[in-house]
Amino acid sequence: MSKNLVIVESPAKAKTIERFLGKDFLVKSSFGHVMDLSKKDLGVDIENGFIPEYEVSTDKKKVVTDLKKLAKAAETVWLATDEDREGEAISWHLVNALKLDESKVKRIVFHEITKTAITEAIDHPRSIDKNLVNAQTARRVLDRLVGYELSPLLWKKVKPALSAGRVQSVAVRLIVEREDSIKNFKVSSSYKITAKFHIKKNGKDGLLWADLPSRFKTKEEAIAFLGNCAAAKYTVADIDTKPSKRSPAPPFTTSTLQQEASRKLGFSVANTMRLAQQLYESGLITYMRTDSVNLSKMALAMSRDEITSLYGKKYVKTRNFKTRSKGAQEAHEAIRPTYINNQNIEGDRSQKKLYELIWKRTIASQMADAELEKTNVTIDVSTVPEKFIAKGEVIIFDGFLKVYIESTDDENGEDHEGVLPPLSVGQELDFESMTATQKFTQALLRFTEASLVKKMEELGIGRPSTYAPTISTIQKREYVEKKNSEGFTRDYNQIVLKSGNITEAVKSEKAGFEKNKLFPTDLGIIVNQFLVQYFDNILDYNFTARVEKEFDEIAQGKKVWNEMIGEFYQPFHSRIEDTQEKSRKFSGEKLLGIDPKSGKNVFVKLGKYGPMVQIGDTSDEEKPRFAGLKKEQSIDGISLEEALELFSFPRQIGSYEDEEITVGIGRFGPFVRHKSAFYSIPKDDDPSAVTQDRAVELIEEKRKADREKIICEYKENPEVKVLKGRYGPYISIGKNNFKIPKGTVPETLSLEDCIKISEDPKNAPKKRFTKKGKK
DNA sequence: CAGTGAGCGAGCTTCCGCTTGACTT
């Protein structure tokens, strides 16, 4: 048995460290937190100073019993969890869960996984920092109180099974408000003037582009300006050349990796993290959940060597980057290749691409600045006071640009910056044409998953380990959905001056197309409206930053953690109770207008089964009429006409095989009903335009599909069938379905085989609402 | 699975941050 037991958080880390420490040390991992607040109820004793009720998490029972055994046998237990608030708490929880004798416990920390760093740490152990643990307790208790008191309020006032929390609710708010700002954006336009000149470039005919720095508000002004230029001479008045520099971006953190993988490779945040985890577990990259831009000394030395051997010494420039993000805890290194001399790796396509991205970013961060030369050429027009400017940029020394260029979120790039032809002051230019183009102002872009992470990081909400899960939570709760904005086409004016003539044209362009963007749903909008109205303090973008400051004070021993929680909780809880009593059910009800037929009010709101329209007040003697919205409609955007149209369902549209056909709109979208059977109407069909012929088509299509579904039928028992389903063949008996055991050919099944399979308990149909082994 | 939307009531849902697998309907 080993004399020394070292406990870290991650098993992959444990494996590496064990190699450095030799046979007297056994290195194991805790797999993250081992204790958490009781799941059943609040888990916090409000009456007695907010004492947390911690217990070993169900999925960590085995880890804890295993570690307990090993700890008992060891002389010294080294707690080597991360050096931050959460890591300190994990160590403290280990002491409690493993019932460790504090005299044989040593707390150590290291920021990089190298032999020197680890032996250094072993030489300088300390004890557990209780202040830091208290700060974590405060964080944990606050999040529990907020989440577990706000969520039930939503269940009562809006809809069951909803959720709210310090992080997710602010993330939703960002998306809702971005959508608002896009909806309320007032487009304006102006005219941009560009002139083109004939020029010789390297002996060949070429063009020189120059822009007018200011724009004209109206078409008339633009036309007038072009008219004034018709007979002008153009002369180079000034050439101004300035050297400039560009520096590389710091190495990747979780957030910047997610952003670049999204922009450059089109990966979702979850996908990026899954791939990074695989690379980490194969020992190819360092830890992927980090907020640090720091590289170890060893990494710096490796990249120096690599850059020198690939590009030469003058491309090397070692840098130490400082973190800019709020609340960074920097327990790890930046994300980098473990071995920087490995430019490529074995793996699948996506793994290779992500690795390559990490490699390039790391290498570039330690390379020389790029040296540029920027030139502004001022061009005089003989007939007007305005001057044109031609811009050029030349790379003198490429430096880090050789390997990596960081991308940006907005793709506005129609500038003509590049190499300018040789020009001299006083030179007269050969005019080709001048164009005035109508340009429109643009609303903010919607968030992508990755740009939302960027914003969250700026606000200091969420942590590297929670960015991806938070984004999936707000989508799972249906507050937000990821989709494309189709955009629209619009006309713009273009006026051209060429050979002394002015011509006008109307052209059209596509605008507003956005792919894979986050849109708020009706539910998200309503829940946000409710929370902002009653809990503006928690939904405040600075709430986290403020409490973080207090957590820091707790960590420094300047503040008592449960006093801080008490100060927060008293007013918060009374707001909860007030809202509970005073506010009515919150449905986001909106008055759309008056129904011309009945003269009654028409409302749109969120009902029990989703968005709906209501004609008449609930308090009226006559009951109101209701109709659900179509899937593509929203509370936010529906018009009175569209709302009234929904009341034309269900309606008869003809008959077939001597039975009526009706069209209706149900919970699962529009449908055709015939002989008590239902046929769903595809998304691109307008239900109000479905005719008898189209309905018959749909009925026949479905019948044909059903016929093809049947693999085996049995005359002796028509209840039993072998069918082809979405997930492959299965046996259907009455209302129950059974899967077919592996290795059986469905076509060969006899009635007896089917019965036998159905009676096997291991094929029994699953209950619909089973909870999977919850963590 | 598809005629609901009021109200009753049982029993359920929920937070954030650390970590990795288990599973397919």
> Is the shortest distance from a Lys or Arg side-chain nitrogen in A:Lys13 or A:Asp82 to a carboxylate oxygen in the other one below 4.0 Å?
Replying inline: yes
>> Using a 4.0 Å heavy-atom cut-off, does A:Gln168 contact any base of the nucleic acid, only the sugar-phosphate backbone, or nothing at all?
In response: sugar-phosphate
> side chain to side chain donor-acceptor pair (under 3.5 Å) between A:Tyr541 and A:Glu458: does it pass, once the steps are laid out?
Replying inline: CA-CA 10 Å; A:Tyr541 292 123; A:Glu458 278 168 26; over 6 Å; no
> Does A:Ser465 have a side-chain nitrogen or oxygen under 4.0 Å from the phosphate oxygens OP1 or OP2 of B:dC18?
Replying inline: yes
> Atom CE of A:Met288 to atom C1' of B:dC18: distance rounded to whole Å?
Replying inline: 11 Å
>> If I compare all heavy atoms of A:Ile638 with all of A:Leu592, which pair ends up nearest, and what's the gap?
In response: O-CD2, 3.6 Å
> Between atom CD1 in A:Ile681 and atom C1' in B:dA2, what is the gap in whole Å?
Replying inline: 12 Å
> When all nucleic acid strands are considered with a 4.0 Å heavy-atom cut-off, which category describes A:Arg477: base, sugar-phosphate, or nothing?
Replying inline: sugar-phosphate
> Should A:Glu330 and A:Thr323 be marked as a side chain to side chain donor-acceptor pair (under 3.5 Å) after you check the CA-CA gap, both sets of side-chain angles, and the distance that decides it?
Replying inline: CA-CA 9 Å; A:Glu330 308 205 277; A:Thr323 180; 4.5 Å; no
> Counting any heavy atom closer than 4.0 Å, what does A:Thr466 reach on the DNA or RNA strands: base, sugar-phosphate only, or nothing?
Replying inline: base
> Does NZ or CZ of A:Arg477 lie under 6.0 Å from the centre of the six-membered ring of A:Tyr479, at an angle within 45° of the ring axis?
Replying inline: no
>> If you compare every side-chain N and O of A:Arg289 against the phosphate oxygens of B:dT20 (OP1, OP2), does one of them come in below 4.0 Å?
In response: yes
> Within the structure shown, what part of the strands sits under 4.0 Å from A:Leu162 by heavy-atom distance: base, sugar-phosphate, or nothing?
Replying inline: sugar-phosphate
>> Students often get this wrong, so: under 4.0 angstrom with heavy atoms, is A:Tyr287 touching a base, only sugar-phosphate, or nothing?
In response: sugar-phosphate
>> Using a heavy-atom cut-off of 4.0 Å across all strands, would you classify A:Ala164 as base, sugar-phosphate, or nothing?
In response: sugar-phosphate
> Is the aromatic ring of A:Phe31 within stacking range of B:dC18, meaning centres under 5.5 angstrom and planes under 30 degrees?
Replying inline: no
>> In whole Å, I'd like the distance from the CG atom of A:Leu142 to the C1' atom of B:dG17.
In response: 14 Å
>> What contact category does A:Gly607 fall into here, base, sugar-phosphate, or nothing, at under 4.0 angstrom with non-hydrogen atoms?
In response: base
>> Regarding A:Pro11, tell me which of base, sugar-phosphate or nothing describes its non-hydrogen contacts under 4.0 Å with the strands shown.
In response: sugar-phosphate
> Taking atom C1' of B:dT14 as reference, at what distance in whole Å does atom CG of A:Leu42 sit?
Replying inline: 11 Å
>> Let me spell it out: for each of A:Asp82 and A:Val167, pick the nucleotide of DNA chain B with the closest heavy atom. Which residue's pick is nearer the 5' end?
In response: A:Val167
>> Nearest whole Å is fine: how far is B:dC16 P from A:Asp84 CG?
In response: 18 Å
> What is the distance from CG of A:Asp36 to P of B:dC16, rounded to the nearest Å?
Replying inline: 12 Å
>> Any donor-acceptor pair under 3.5 Å linking the side-chain atoms of A:Ser255 with those of A:Glu457?
In response: yes
> Choosing from B:dC15, B:dA2, B:dT20, which nucleotide comes nearest the side chain of A:Arg144?
Replying inline: B:dC15
When you compare the protein's N or O atoms with those of nucleotides 7-10 of chain B, which come within less than 3.5 Å of each other, and at what distance?
none

>> Under 4.0 Å, heavy atoms only, any strand: does A:Gly43 hit a base, just the sugar-phosphate, or nothing?
In response: nothing
> Which part of the nucleic acid, if any, lies within reach of A:Gln136 when heavy atoms closer than 4.0 Å are counted: base, sugar-phosphate only, or nothing?
Replying inline: nothing
> Are any of the side-chain nitrogens in A:Arg85 or A:Glu548 under 4.0 Å away from the carboxylate oxygens of its partner?
Replying inline: yes
>> For a quick check of understanding: with a heavy-atom distance under 4.0 Å over all strands, which category does A:Gly165 fall into, base, sugar-phosphate or nothing?
In response: sugar-phosphate
>> As a quick check of understanding, evaluate side-chain contact (heavy atoms from CB on, under 4.5 Å) for A:Glu88 and A:Gln136, giving each step before the final call.
In response: CA-CA 8 Å; A:Glu88 204 69 16; A:Gln136 194 274 346; over 6 Å; no
> If you check the A:Tyr148 side chain, which of B:dT13, B:dA2, B:dC15 turns out closest?
Replying inline: B:dC15
> How close or far is atom P of B:dG5 from atom CZ of A:Phe586, stated in whole angstroms?
Replying inline: 23 Å
> Contact class for A:Gly462 (heavy atom, under 4.0 Å): base, sugar-phosphate, or nothing?
Replying inline: sugar-phosphate
> Which part of the nucleic acid does A:Ser163 contact within heavy-atom distance under 4.0 Å: base, sugar-phosphate only, or nothing?
Replying inline: sugar-phosphate
>> With hydrogens left out and only the distance checked, is there a donor-acceptor pair under 3.5 Å joining A:Arg140's side chain and the base of B:dC15?
In response: yes
> Which of the following nucleotides, B:dT14, B:dC18, B:dG3, is nearest to the side chain of A:Pro152?
Replying inline: B:dT14
> Would you say A:Trp155 stacks on B:dT13, if stacking means ring centres under 5.5 Å apart and planes within less than 30 degrees?
Replying inline: yes
> Which nucleotide sits closest to the side chain of A:Arg673: B:dT19, B:dG3, B:dC15?
Replying inline: B:dG3
> How long is the line joining CD1 of A:Ile471 and C1' of B:dG17, in whole Å?
Replying inline: 16 Å
> Are more than 12 heavy atoms from other residues, nucleotides or ligands located less than 6.0 Å from atom NZ of A:Lys28?
Replying inline: no
> With no angle test and no hydrogens, is the base of B:dC16 tied to the side chain of A:Arg463 by a donor-acceptor pair under 3.5 Å?
Replying inline: no
>> Would A:Arg166 and A:Phe543 count as a cation-pi pair here, with the cationic atom under 6.0 angstrom from the ring centre and within 45° of the axis?
In response: no
>> Please classify the nucleic acid contact of A:Arg139 as base, sugar-phosphate, or nothing, using heavy-atom distances under 4.0 Å.
In response: base
> A:Gly32 or A:Ala627: which one's nearest nucleotide on DNA chain B is closer to the 5' end?
Replying inline: A:Ala627
